[in-house]
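Take a look at the structure set out below.
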Amino acid sequence: MRIGLGGRPAWWLHHRALPAGLTFTLLITVAACRPELTPPGAPTSWPATSARHWQWQWQLDGVLDPEVEADVFVLDPVDTTAAQTAELRSRSRRLVCQVHIGSVHPADPDASRYPAQVRGATVARTGRVWLDVRRWEALRPVLADRFRLCRGKGFGAVVFADADGYDRRSGFALEFDHQLTFNRRVATLARSLDLSPGLLGDLPQVAALAPDFDFAVNEECVRLRQCDKLLPFADAGKPVFHVEYTGTTTDFCVTSVGYGFASIRKNRTLDAWRLPCPSP
């Protein structure tokens with residue numbers, strides 16, 4: 001993805017007209033309120049006092065827009081360049097890479113590293129192939145290198161996609177406990193490589209896994225009436241980054257923000273467009 005170009009935000013024009021003394025005071029106030037950005041080489045921190053106030057962006061398609069007014073960006077680690085992450089870090093953005101831990105796509109650069117015996121059923125809609133998460137010794141080296149790619153590009157956190165193969169037609173006899181063990185192992189692996197781990201989906205296991213993860217990403221819990229399942233994160237002061245693909249912010253924000261989630265409306269393609277709920 002290339003860095004997109006955008007105009008100055010509206011506050012810039014007002015800022016230019018402020019008296020110098022007032023401008024200085026405002027800058028000091030903003031700096032004091034913004035959580036300190038973790039330096040490169042350390043996992044992203046998520047202060048509990050900010051858990052309900054993050055603004056976030058989830059972009060996996062199209063031209064990356066670094067000027068989106070969001071504190072947190074969830075991005076693809078292969079398509080995103082080190083120059084782009086450096087640009088975002090210069091704007092004090094927190095960066096999360098999305099890694100598929102329970103599946104592989106034939107087009108993935110490292111697809112050939114997964115042996116045939118760990119490959120299961122193919123998802124018709126996406127072409128992704130489920131992996132046998134019981135085969136930790138076969139999966140660990142590939143996942144470790146995926147995480148190192150994230151770390152090398154400047155990401156401080158990673159969110160796990162396809163972490164629920166036990167609940168899908170994976171082609172393997174995966175059980176609830178197999179997935180729990182695997183997800184915890186991957187979270188531990190991420191921490192060992194200085195990445196803060198987050199969980200995408202897998203709502204039936206949230207109560208068990210919330211202590212092992214620093215944040216959650218959720219799709220459509222309002223539409224599906226499942227937001228209460230994410231309370232173990234919110235109640236622990238951990239951020240929940242939530243997205244809806246249908247309806248208006250007027251319809252769902254009152255529910256999701258009431259739960260303490262950071263919520264946005266997105267296109268399903270996860271391009272640059274977003275419509276955020278107001279922070280509480």
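Starting from 1, each residue takes its place in the sequence as its number. Side-chain atoms are counted along with the backbone in the values below, which use heavy atoms only and exclude waters and symmetry mates.
- Nearest approach of A121 to G171, heavy atoms of both residues: CB-N, 4.0 Å.
- A donor-acceptor contact shorter than 3.5 Å links the side chain of T85 to the backbone of A82.
- Side-chain atoms of R94 and W56, non-hydrogen and from C-beta on, never get closer than 4.5 Å to each other.
- Under 3.5 Å, the side chains of D202 and Y166 contain a donor-acceptor pair of N or O atoms.
- Put simply, the side chain of K266 gets close to the backbone of W273: a donor and an acceptor are under 3.5 Å apart.
- Side-chain contact between F172 and L131 is absent, with no heavy atoms from C-beta onward closer than 4.5 Å.
- Taking the ring-ring contact (aromatic ring centres under 6.0 Å, His included) definition, one finds that Y259 meets it with F261, sequence neighbours left out.
- Here salt bridge (charged side-chain N to carboxylate O under 4.0 Å, His left out) pairs that include residues 108-123, with residues two or more places apart or in two chains, are D108-R128, D108-R146, D110-R146, R113-D145.
- Using a 4.5 Å heavy-atom cutoff, the side chains of F215 and V159 are in contact.
- Looking only at side-chain heavy atoms (C-beta outward), R91 and P66 come within less than 4.5 Å of each other.
- Applying side-chain contact (heavy atoms from CB on, under 4.5 Å) to F155 and the options C97, S196, P43 leaves one that passes, C97.
- No chain of hydrophobic side-chain contacts below 4.5 Å, direct or via other Ile, Leu, Val, Met, Phe, Trp or Tyr residues, connects V222 to L275.
- The backbone N or O of G156 lies less than 3.5 Å from a partner atom in the side chain of T44, making a donor-acceptor pair.
- To the nearest 0.5 angstrom, Q98 atom CD is 5.0 Å from L60 atom CG.
- Evaluation of the side-chain contact (heavy atoms from CB on, under 4.5 Å) rule for V133 yields L174, Q179, F182 as partners, not counting sequence neighbours.
- Nearest approach of V99 to C150, heavy atoms of both residues: CG2-SG, 3.8 Å.
- Of all heavy-atom pairs between A157 and W46, the closest is CB-CZ2, 4.0 Å.
- Residue N183 holds its CG atom at 7.5 Å from CZ of F160, rounded to the nearest 0.5 Å.
- You'll find the side chain of W58 stays beyond 4.5 Å of the side chain of V96, heavy atoms only.
- Put simply, CG on L95 and CD on Q57 are 12.0 Å apart, with the number rounded to the nearest 0.5 Å.
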Taking only distance into account, with no hydrogens and no angle test, what donor-acceptor pairs under 3.5 Å do side-chain atoms of residues 229-241 form with protein atoms, sequence neighbours excluded?
{"from": "K238", "atom 1": "NZ", "to": "A210", "atom 2": "O", "distance (Å)": "2.6"}
{"from": "K238", "atom 1": "NZ", "to": "F213", "atom 2": "O", "distance (Å)": "2.7"}

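- Pairs passing the salt bridge (charged side-chain N to carboxylate O under 4.0 Å, His left out) check and including a residue from residues 248-260, sequence neighbours excluded, do not occur.
- Applying the 4.5 Å side-chain rule to ILVMFWY residues, one finds L149 in the same cluster as V78.
- Contact detail for A207 and P211: the closest heavy-atom pair is O-CD, 4.1 Å.
- In this structure, the side chain of E244 engages the main chain of C221 through a donor-acceptor pair within 3.5 Å.
- For the atom pair CG (D214) and CG (L199), the distance works out to 11.5 Å, reported to the nearest 0.5 Å.
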* Take F73 and V68 through the side chain to side chain contact (heavy atoms under 4.5 Å, CB included) test and state the conclusion after the steps. => CA-CA 9 Å; F73 280 69; V68 169; 3.9 Å; yes

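- The main-chain N or O of A111 is never found under 3.5 Å from a side-chain atom of H105 such that the two would form a donor-acceptor pair.
- Looking only at side-chain heavy atoms (C-beta outward), R191 and T188 stay at 4.5 Å or farther from each other.
- The shortest distance between side-chain heavy atoms of V243 and F252 does not fall below 4.5 Å.
- For T246, the side-chain contact (heavy atoms from CB on, under 4.5 Å) test picks out E220, R223, R268, with sequence neighbours left out.
- Side-chain heavy-atom separations under 4.5 angstrom define the hydrophobic clusters, and L224 shares its cluster with no other residue.
- No donor-acceptor distance shorter than 3.5 angstrom exists from the side chain of Q226 to the backbone of D228, with no hydrogens or angles considered.
- In this structure L193 satisfies the side-chain contact (heavy atoms from CB on, under 4.5 Å) test together with A144, F147, R148, L189, sequence neighbours excluded.
- Rounded to the nearest 0.5 angstrom, K153 NZ and L75 CG are separated by 10.5 Å.
- Across R265 and T249, no two heavy atoms sit closer than the pair CB-CG2, 4.3 Å.
- Contacts of P276 classified as side-chain contact (heavy atoms from CB on, under 4.5 Å), with partners at least two apart in sequence or in another chain: Q55, I264, R274.
- For the pair S103 and V123, the minimum side-chain heavy-atom distance is 4.5 Å or more.
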* **Worked verdict on W136 versus V186 for side chain to side chain contact (heavy atoms under 4.5 Å, CB included)** => CA-CA 9 Å; W136 177 243; V186 183; 3.7 Å; yes

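- W130 and L180 sit in two unconnected hydrophobic clusters of ILVMFWY residues. Membership requires side-chain heavy atoms under 4.5 Å apart, directly or through other members.
- Listed by first then second residue, pairs satisfying salt bridge (charged side-chain N to carboxylate O under 4.0 Å, His left out) with a partner in residues 175-185 read R184-D212, not counting sequence neighbours.
- Without hydrogens or angle criteria, T81 side chain to Q84 main chain gives a donor-acceptor distance under 3.5 Å.
- Sorted pairs that involve residues 81-101 and meet ring-ring contact (aromatic ring centres under 6.0 Å, His included), not counting sequence neighbours, are lacking altogether.
- Here S170 contributes atom OG and D132 contributes atom CG; the two are 7.5 Å apart, rounded to the nearest 0.5 Å.
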